[in-house]
Amino acid sequence: MVVGEVAVETDVIIIGGGPGGYAAAIRLGQLGKSVVLVEKEKLGGVCLNRGCIPSKALIHTADQYQRLNDLGKMGIRLSQESTTMDLGVWQDWKAGITSQLRQGIAHLCKENGVTVVKGQAAFLSDDRIGVETDGDFETYKFEQAIIATGSRPFIPSFIKVDGEYILDSTSSLQLQEVPSSLSIIGGGYIGIELGMAFAKLGTKVTIIEMANRILPQIAENLVKEVTRNAKKLGVNIKTSTRVEKASVVDGHVHLHVSSEEQGMEVVVSEKTLVTIGRVPNSEEIGLNRAGVTVGEKGHIAVDMECRTNVPHIFAIGDITPGPALAHRASKQGIVAAEVIGGLPSAVDSPNVPYVIFSDPQIAGVGLSREEAEQQGYSVKIGKFPFSANGRALATNETEGFAEVIVDADSHILLGMHMVGADASNLIGEGVLALELAARVEDIALIMHPHPTLTEGWMEAAEAVLGHAIHIVNK
Amino acid sequence: MMEFKLPDVGEGMHEGEIIQWLIKEGEAVKQDQPIVEVQTDKVNAELTAPAAGVVKKIFFSEGDIVEVGTTIFTIQEENDVSVPDKGMIEEEIQVVQSGDVKVNAEHITTKQHHEVARALATPFVRQMAREMKVDIEKVKGSGPAGRITESDLKQFKENNSITLEDAKHHDNKIVQEMDQINDAIQAKGVENEWEERIPLKGIRKKIAEHMVKSVSTIPHVTHVDELEMDRLKEFKNQLKEYSDDKDIKLTFLPFFVKAIVIALKEFKTLNASIDEKTNEIILKNYYHIGIATNTKEGLIVPVIKHADHKTIFQLADEIRQLAAQAREGKLSIDQITGSTFTISNVGPIGGMHATPIINYPEAAILALHKMEHRMVVRDLEGVIRLMMNMSLSFDHRLIDGVTAVHFTNRIKELLENPIRLVVEMR
């Protein structure tokens, strides 16, 4: 520290301008606190710049591209010229979206009195933070701090991401050309989402997963439809398979993989994408100087108010234990801000919805059947297939089903899950129902608009009660 | 087998009353698990298991008075195999044999899930519960399938106006005392309806013993003086904005404590005691000020330790906390022992003067009385001033009347001229 340095004083300092950090900053601004938000790269964090938004833009593009093939069935004749994909143009389009969103966040921060500082922040003590920006060093003295530094892709030691042949999720979304072949290490949701999207754009995709199925965290019955569809798209799925070695030979990636069934084999592809999990960014921010305790896996444990072991320092988002999801980060950010603002706020719900933009989409909230049974509930299940829904047929999206899981004693909803078109939007009803502690009758008795996919929830709920209209009740 | 003898949990306590057994004979306990609640010198103490094992025998019933050093229960340690208890083991085996194990296991899981499952309530009701500082898991829902409604919360709050943590302990105690009184009234029958007889026990008995000891040992003399409080009041008012900013409710008491401590430093025999065994006078160079506090359970004297090292605001804060803890019956032994001088602030209730009884073995006690506007003579003219009396009872063995008057004069000088008080403060 420089002798005689003057620290800028602020009520709250937030490290990290992702969906958790900026939400906290804006809420604190609303509550009249002075806030400094430090971001080393771009506002919006992984979600906006390298994750949720760009990947959904790619997935949507791939869907549109693929849909052209189905149009003939509906009588649409395209000109004879074959359809092509210019990923370079797509990059510009994507940049437009992310930049518009970033400007929106910057504007909201400004309007709420948030000072945004670009730089790398690190704690100097439990009430000071130093921020380094292009060689300059500024110190800030704070009353409270929120750590929102997020996470980054985990890369195993035997692989080196070069951004050209071996990619992580970030660099895979920056490709200028559609690769002819792509091998994906990891069959989790990022691998499946991007794998299916590239497959639709014409890439020959191979997915290598160590577990015995893809999406191992998701209930098996929900994943089946996706596995079937991935195979239909030509995706080669290798489960119970591990990657032993990766090397680049003559402009191609050679992955040495082994499995009990196939033994050793080499998967050759133009590019490889590594998506086997994320690690929290808890190093290099001087947590020890602030006295903040970090767990074995680099996470910072917090209470329901998002407080760390140091009561005036909070942590939110991927750096805390739990699923690395933007909506969880935002919720925690708002709670941390409100607690700092003296409001009685808390993250007190176990209902963290999940959404997977596979084809078809998977989304859910609450307990799966297995989890409910493990917790000792006696469970009733209602299921309704999209193939019996008029709207699904009319839009040629008949794959999938809605499933509701109910406590047989009280009829309280325990979980709602869906695989099918637009499941990501439809799960909103599930989140609301679970949070309002609804009974299955509540869903069944509500008039759902027709013709929509939302009727799937109503029919699944009626199926639990034994009187669904559009399927035979067994 | 380990015998658990009633320990001396207070300073020089001789006996305790068994208030409540928290376990039953034959019950397995973990080390440090609370076993029995004992009432000692003015506080309740929870005694814990010295080792893990099975409680074999309980020797006293609730309500019994037990002398220190008496065995109150025995415990068979977990790893103590020397005396196997056949009866117990057989009983356990029988339980397993008689029931269908599978059914039992299922029953247990179902039960567990009901304990695990969280209270049914909407996010808004949860938020409301936090605002009302109500633990929502404790509220019984009246809505569909046991859902907790807004009115359930309100009702719960009304029925539980004492804070959640204290509620159980406190309620139990009050109920117990009321039961004792009711039992006593019933026992005497109808023939004596003009009088009531209630056993002298518990805290009231302790207070009685303490008072007798004090008065029979110490030759008490009481000296009374009056103070003019206008300037101190003005001074306190000037500090109001500052103390409000710090969120501290400033009363006169911290100023009194400060003035008394300054005077005690100059008149050392007032912060002293006599060791009757060795015939020595103990002059104390530390200033632990007891504040006699009225509670539902009787007079309790929480102690501000090292009052001379604390600021007015620190004192204010500590007094508030101690008083709250005293009222809730949550003071520890440490917080009510070791005072070197006691203040009895009866002013808020009323009264002109008193003959306070010294908190044995201290040398003096100062009672502060009601503050009121009185007509007084200043410069041969009648004027109205805010006046307060104080009564100092002192141990005439140690302190002469002249010393006592000099002592109160000094307090008077400091409180009537708050600027001098500030100058003398450390």
Side-chain angles (χ1 to χ4, degrees), chain A residues 303-307 327 331 334-335 338-339 341-353 365-367 369-380 405-415 428 430-446 464-465, chain B residues 99-157 160-161 163-165 244-248 317:
Chain A
D303 62 13
M304 275 163 72
E305 295 185 330
C306 301
R307 277 183 215 273
H327 46 267
K331 174 71 190 169
I334 290 165
V335 165
E338 290 181 342
V339 169
L343 300 177
S345 202
V347 183
D348 67 346
S349 171
N351 297 322
V352 181
V365 61
L367 304 177
R369 174 189 207 136
E370 290 77 18
E371 287 166 342
E373 283 172 353
Q374 274 164 19
Q375 291 190 18
Y377 288 99
S378 91
V379 173
K380 276 189 184 173
I405 292 156
V406 173
D407 175 19
D409 299 335
S410 65
H411 276 200
I412 297 286
L413 289 160
L414 301 173
V431 180
L432 186 65
L434 259 65
E435 280 295 323
L436 296 185
R439 274 156 72 124
V440 68
E441 289 86 347
D442 294 324
I443 300 281
L445 291 167
I446 290 174
V464 173
L465 303 168
Chain B
D100 180 339
V101 175
K102 202 179 160 199
V103 172
N104 276 351
E106 270 173 15
H107 177 72
I108 289 162
T109 18
T110 326
K111 208 173 161 196
Q112 272 173 346
H113 114 64
H114 283 299
E115 281 163 10
V116 168
R118 64 179 197 145
L120 291 176
T122 65
F124 176 74
V125 170
R126 286 177 186 284
Q127 173 83 356
M128 231 175 107
R130 283 195 295 270
E131 279 167 13
M132 293 161 75
K133 297 197 182 351
V134 164
D135 179 357
I136 198 159
E137 301 295 331
K138 294 202 169 104
V139 181
K140 201 165 154 32
S142 67
R147 228 172 287 167
I148 296 162
T149 65
E150 291 165 44
S151 57
D152 290 338
L153 272 186
K154 284 179 190 147
Q155 212 169 343
F156 183 88
K157 179 80 178 175
N160 295 270
S161 49
T163 60
L164 288 173
E165 299 81 67
D244 283 355
D245 275 352
K246 288 189 166 281
D247 211 15
I248 286 171
D317 205 35

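These values consider heavy atoms only, across backbone and side chains, with no hydrogens, waters or symmetry-generated copies. Model, not experiment: these values are computed from the prediction. Labels below follow one simple rule: chain letters A, B, ... track the order of the sequence lines, proteins then strands, and each chain is numbered from 1.
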> Rounded to the nearest 0.5 Å, how far does CE of A:M304 lie from CZ of B:R130?
Replying inline: 6.5 Å
> Would the number of heavy atoms belonging to other residues, nucleotides or ligands and lying under 6.0 Å from CG of B:D247 be above 12?
Replying inline: no
>> For the interface with chain B, which of A:A346, A:S410, A:P350 has the highest count of heavy-atom pairs at distances below 4.5 Å?
In response: A:A346
>> Using only atom types and a distance under 3.5 Å, with no angle test, would you say the side chain of B:R126 pairs donor to acceptor with the backbone of A:D348?
In response: no
> A:A437 and B:A121: which non-hydrogen atoms are nearest, and at how many Å?
Replying inline: CB-N, 4.1 Å
> What part of A:L436 gets closer than 4.5 Å to chain B, counting heavy atoms only: side chain, backbone, both or neither?
Replying inline: both
>> Counting heavy-atom pairs under 4.5 Å with chain A, which one of B:Q127, B:R147, B:E131 comes out on top?
In response: B:R147
